[in-house]
Amino acid sequence: MNYQSFSSYASMSRAAAAMIADILRAKPECVLGLATGSSPIGTYDELVRMHREEGLSFAHCTTINLDEYLGLDGAHPQSYRFFMNEHLFSRVDIRLDHTFVPCGTASDPAAECLAYDARLKALGGADIQLLGIGPDGHIGFNEPADSFTVATHVVDLAPSTINANARFFDSAAEVPHQALTMGMGGIMAAKKILLIAPGSSKKAVLDAAMTGPVTPRLPASLLQLHPDVTVFFAEGHTSP
Ligand code: F6R
């Protein structure tokens, strides 16, 4: 793993955006694996700035996101589809029909998961997968478990994840208890992985994931087995 520590959230976000922009420029028709949550907001802001000021184009790329809350429609302000539209897609020249987020209101969630993996396979995996890390070491919504789940699946969110994400909702009671998430197979199929971990509260779980045993009890630890992982840590963080 390549590890880099930054003194600020802003400098980490600029470096993350630069890595994604390099791929976009070298391969305009690339597949970007994207994440939501507070960690990548600065990265998306910087990509938008590069689009506006430097002509960085998303016109030929495809994006595929990690996860979505089960039961939330894309029009719901806390859905991950809504987040992506707000923070990135509506601000750059991407074709919306080239952006994929699992459908949280699919009538058959298991079929949606199968279709999502088929899409990922057809795309050939992501050229770069952007990841955040949860307080329990989850990536996507792959929560600590007895074994790794390879395929996209419906997951019961851990209480710590529900609590951590309650800050985006009016109350913890409103946080969905289930989500659809890309599995570890989809994540590990990415050609390159960029994990961003802003905030000193993430340091302990990050260190354990990078240097401790590879275990499904700490899903991010599986990244130790990927040949091209970059980890950016920043002392500071911008809330939320
Ligand atoms: C989001 C995702 C999650 C988050 C993680 C960290 O798409 O897959 O794994 O990356 O929960 O969230 P933040 O960035 O809000 O600390």
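Note that the structure is a prediction, hence the values are computed from the model and not measured. Whatever order the structure lists ligands and atoms in, that order sets their numbers, starting from 1.
For the pair Asp117 and Lys121, the salt-bridge criterion is not met [side-chain N within less than 4.0 Å of a carboxylate O]. The pair Arg91-Asp45 meets the salt-bridge criterion, since a charged nitrogen lies less than 4.0 angstrom from a carboxylate oxygen.
Remark: ligand 1 atoms within the under-4.0 Å shell around heavy atoms of Gly140 are 2 (C), 3 (C), 8 (O), 9 (O). Of all atoms in ligand 1, listed by their number and element, those nearer than 4.0 Å to a heavy atom of Lys202 are 6 (C), 13 (P), 16 (O). Residue contact check: Leu66 has heavy atoms under 4.0 Å from atoms 8 (O) of ligand 1. Heavy-atom contacts of Gly132 reach the following atoms of ligand 1: 10 (O) (cutoff under 4.0 Å).
Looking only at side-chain heavy atoms (C-beta outward), Leu180 and Cys113 come within less than 4.5 Å of each other.
In this structure, Arg167 has a heavy atom closer than 4.0 Å to ligand 1.
Of the candidates Met84, Glu143, His138, it is His138 that places a heavy atom closest to atom 11 (O) of ligand 1.
Screening residues 169-214 for ring-ring contact (aromatic ring centres under 6.0 Å, His included) gives Tyr69-Phe169 as the qualifying pairs, with residues at least two apart or on separate chains.
Of the heavy atoms in Thr161, none comes closer than 4.0 Å to ligand 1. Of the heavy atoms in Asp67, only side-chain atoms (C-beta onward) come closer than 4.0 Å to ligand 1.
The N/O atoms of Gly37, backbone and side chain alike, include none that comes under 3.5 Å of an N/O atom in ligand 1. For ligand 1, none of its N or O atoms has an N or O atom of Tyr80 under 3.5 Å away.
Take Phe100 and apply the ring pair (Phe, Tyr, Trp, His ring centres under 6.0 Å) test, not counting sequence neighbours, and it matches no residue.
Atom CG of Asp67 and atom OH of Tyr80 lie 5.5 Å apart (nearest 0.5 Å). The distance from atom OG1 of Thr43 to atom CZ of Arg14, rounded to the nearest 0.5 Å, is 11.0 Å.
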